[in-house]
2 protein chains.
Amino acid sequence: MVELKSFLENSFSMEGLDCELASGLAALARPFSVKPGAILFEAGDPGNGCYAILEGSLKVSIVSVDGDEQLLAVMGPGSIVGELALLDGRARSANVTALKPTRLAFIEKHRFERFADENPALYRHMLSIVGSRLRQANDVLAARSFLPLPGRVAQTLLQLAETFGKPVDNGRVLIHYKLSQADIANMAGAARENVSRVLNDWKRAGTVSRISGYYCLENPDWLRQASAL
Amino acid sequence: MVELKSFLENSFSMEGLDCELASGLAALARPFSVKPGAILFEAGDPGNGCYAILEGSLKVSIVSVDGDEQLLAVMGPGSIVGELALLDGRARSANVTALKPTRLAFIEKHRFERFADENPALYRHMLSIVGSRLRQANDVLAARSFLPLPGRVAQTLLQLAETFGKPVDNGRVLIHYKLSQADIANMAGAARENVSRVLNDWKRAGTVSRISGYYCLENPDWLRQASAL
DNA sequence: CCGCAACAGTGACGATGATCACACAATGCG
DNA sequence: CGCATTGTGTGATCATCGTCACTGTTGCGG
């Protein structure tokens with residue numbers, strides 16, 4: 001499957017890995033597909049490898065005992081998920097669920113390590129991925145600590161724009177992904193109703209808009225301001 | 001300085017690195033000391049290496065524009081700080097300040113990479129450190145999302161016990177470190193006054209006590225329960 | 001041993017944001 | 001094409017927790 005291989009290479013290199021390593025890795029990967037709603041794994045499961053997203057999207061979340069959900073991220077093609085299990089051998093720390101029909105490549109821990117031992121650049125790459133995850137986690141925590149609700153919503157939108165944003169004109173950014181307010185609320189750690197209020201204030205003020213169901217950031221700089229610590 | 005070298009080896013191996021690598025690393029490190037209150041670095045500084053703590057303690061924190069502080073961790077001997085800058089080349093993401101007179105070893109990014117490229121096990125080790133940081137960050141975020149104030153305080157105490165805890169009898173754990181309520185509050189993300197109330201409730205209920213200025217967890221299991229998601 | 005400074009306890013009050021209870025779109029499907 | 005399901009807008013109320021304003025305590029340096 002030439003097509004698959006090129007997909008994989010593309011995917012791995014998306015998070016910045018160089019080409020020959022990507023294809024080496026691609027050779028180790030086992031591709032497969034899942035339907036929306038499928039659970040890749042849940043927190044506490046033993047983790048024996050990681051996944052690269054070729055196509056589709058997944059959500060990473062943690063849930064409380066009484067069912068409340070905290071979304072950590074929504075990830076699209078080119079992202080790696082489940083990488084923590086690759087590092088230490090410990091259990092999965094979050095839930096990952098498919099949001100859309102999704103094509104994935106699974107990389108087993110052993111194989112990864114064998115390959116990476118001969119290609120330390122791969123370790124460096126992994127390190128930089130995990131590093132940016134950690135930075136982001138700290139940013140979110142900072143937002144939770146210091147920002148009132150609107151600031152956290154702003155942060156959430158910008159974060160989503162990072163993953164799904166398509167720049168249009170004048171610095172406006174369209175978030176090319178169907179998001180419900182509930183999704184945003186679960187990321188921002190707020191009640192859906194309040195997110196609604198904030199979003200409407202902004203819509204009226206012209207900082208965001210909705211274009212045929214997609215949110216559009218009319219003024220990302222203003223949002224950045226609002227989410228500054 | 002034989003003494004220093006053995007200190008270093010001991011330090012690096014504390015987070016689980018094997019002995020020969022530790023001494024290899026030790027050879028790369030530049031030792032120095034700082035006084036309490038000294039700022040190792042602040043968020044936004046360019047980061048060109050990481051530090052191993054030989055002796056003393058540091059706090060890792062982020063601060064908001066209006067000066068509120070969120071403690072991410074208090075770290076003691078054997079811990080590594082500033083490792084993020086080692087991974088990607090990006091700026092420091094938090095502040096690190098000495099709390100006590102502290103002896104450190106600085107490892108430069110270049111040197112580290114050169115050494116690690118020949119010893120991939122070191123990369124793996126680094127990966128597992130960063131991995132556990134990320135796990136912990138997620139735990140804290142989960143607590144913020146789901147737990148009311150007492151739960152977060154419980155989590156904070158347990159986390160501190162992880163770093164500074166000395167088991168005494170019957171599963172009781174003494175936190176061998178001078179902590180003010182303000183410190184705990186800044187970790188738990190709560191107002192000092194409310195932490196005071198919670199702590200007193202627990203003192204009266206016998207779940208925690210103060211033994212000559214140190215907090216002692218009389219019933220860690222109960223606290224774990226209280227901080228369960 | 002005294003006095004100051006940092007730390008700790010406690011009440012009162014208020015604001016932020018969660019929850020409840022709806023009416024009102026949209027969307028999709030038989 | 002209607003009906004159902006899922007998403008959205010908005011007010012009213014309530015609880016948690018932060019803030020303010022103190023008093024009481026502890027420990028340390030002169």
Side-chain angles (χ1 to χ4, degrees), chain A residues 36-37 59 64-71 74 99-101 143-157 160 175 177-205 208-216 226-227, chain B residues 36-37 64-71 99-100 143-157 175 177-205 208-216 226-227:
Chain A
K59 66 172 178 183
S64 74
V65 274
D66 37 48
D68 293 345
E69 187 176 37
Q70 166 72 46
L71 281 187
V74 177
L99 294 171
K100 307 214 263 190
R144 282 302 166 82
S145 304
F146 301 138
L147 298 177
L149 192 146
R152 302 200 311 263
V153 174
Q155 194 205 36
T156 302
L157 289 178
L160 287 164
I175 297 179
Y177 195 84
K178 279 271 183 261
L179 288 168
S180 73
Q181 293 181 342
D183 295 331
I184 299 173
N186 286 334
M187 283 192 81
R192 205 264 313 147
E193 291 90 325
N194 296 314
V195 171
S196 180
R197 293 183 237 271
V198 169
L199 246 24
N200 281 321
D201 288 354
W202 288 349
K203 202 165 354 181
R204 283 187 268 275
V208 302
S209 61
R210 270 197 114 178
I211 298 176
S212 67
Y214 299 110
Y215 285 94
C216 177
S227 70
Chain B
S64 74
V65 274
D66 38 49
D68 293 344
E69 188 175 39
Q70 166 72 47
L71 280 188
L99 293 171
K100 308 216 263 193
R144 282 303 165 82
S145 303
F146 301 138
L147 298 177
L149 193 148
R152 303 200 311 263
V153 175
Q155 194 205 36
T156 302
L157 290 178
I175 297 178
Y177 194 84
K178 279 270 183 262
L179 288 167
S180 73
Q181 294 181 342
D183 295 331
I184 299 173
N186 285 336
M187 282 193 82
R192 205 264 313 148
E193 291 90 325
N194 296 314
V195 171
S196 181
R197 294 183 235 270
V198 169
L199 246 23
N200 282 322
D201 289 352
W202 289 349
K203 204 172 339 187
R204 282 187 268 276
V208 303
S209 62
R210 271 198 111 175
I211 299 175
S212 68
Y214 298 110
Y215 285 94
C216 177
S227 70

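Throughout, protein chains are lettered first and strands after them, A, B, ... in sequence-line order, and every chain is numbered starting at 1.
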Please list, by residue number, the residues of residues 187-200 of chain A whose heavy atoms come closer than 4.0 Å to an atom of DNA chain C; answer none if no residue qualifies.
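By residue number: A/Gly189, A/Ala190, A/Ala191, A/Glu193, A/Asn194, A/Arg197.
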Return the value, rounded to whole Å, for the distance between atom [atom1] of [X] and atom [atom2] of [N].
X: A/Arg144; N: C/dG17; atom1: CZ; atom2: C1'; value: 13 Å
X: A/Tyr214; N: C/dT27; atom1: OH; atom2: C1'; value: 14 Å
X: A/Asp68; N: C/dT19; atom1: CG; atom2: C1'; value: 12 Å

Taking only side-chain N and O atoms of B/Gln181, does any of them lie within less than 4.0 angstrom of OP1 or OP2 on C/dG9?
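Yes, because at least one side-chain N or O of B/Gln181 sits under 4.0 Å from OP1 or OP2 of C/dG9.
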Between CD1 on residue A/Ile211 and CD1 on residue A/Ile175, distance to nearest 0.5 Å:
11.0 Å
Measure the spacing between CD of B/Glu69 and OG of A/Ser145 and express it to the nearest 0.5 Å.
11.0 Å
For the pair [X] (side chain) and [Y] (backbone), establish whether a donor and an acceptor sit closer than 3.5 Å, ignoring hydrogens and angles.
X: B/Asn186; Y: B/Asp183; result: no
X: B/Arg144; Y: B/Ala188; result: yes
X: B/Ser196; Y: B/Arg192; result: no

Between which nucleotides of DNA chain D, read 5' to 3', does contact with chain A run, using atoms under 4.0 Å from its heavy atoms?
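Listing 5' to 3', DNA chain D meets chain A from D/dT8 to D/dA12.
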How would you label the contact of A/Lys178 with the nucleic acid (heavy atoms, under 4.0 Å): base, sugar-phosphate, or nothing?
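No contact at all - A/Lys178 keeps every heavy atom at 4.0 Å or more from the nucleic acid.
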So what does B/Arg204 touch, heavy atoms closer than 4.0 Å: a base, only the sugar-phosphate, or nothing?
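If one applies the 4.0 Å heavy-atom cut-off, B/Arg204 turns out to touch the sugar-phosphate alone, with no base involved.
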Heavy atoms only: give me the nearest B/Ala190-B/Leu149 pair and the separation to one decimal.
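So the two residues come closest at CB-CD1, 3.8 Å.
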Can you name the side-chain contact (heavy atoms from CB on, under 4.5 Å) partners of B/Glu193, sequence neighbours left out?
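For B/Glu193 the side-chain contact (heavy atoms from CB on, under 4.5 Å) partners, ignoring immediate neighbours, are B/Ala191, B/Arg197.
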Side chains of A/Gln181 and A/Tyr215 in contact at under 4.5 Å (non-hydrogen atoms)
yes
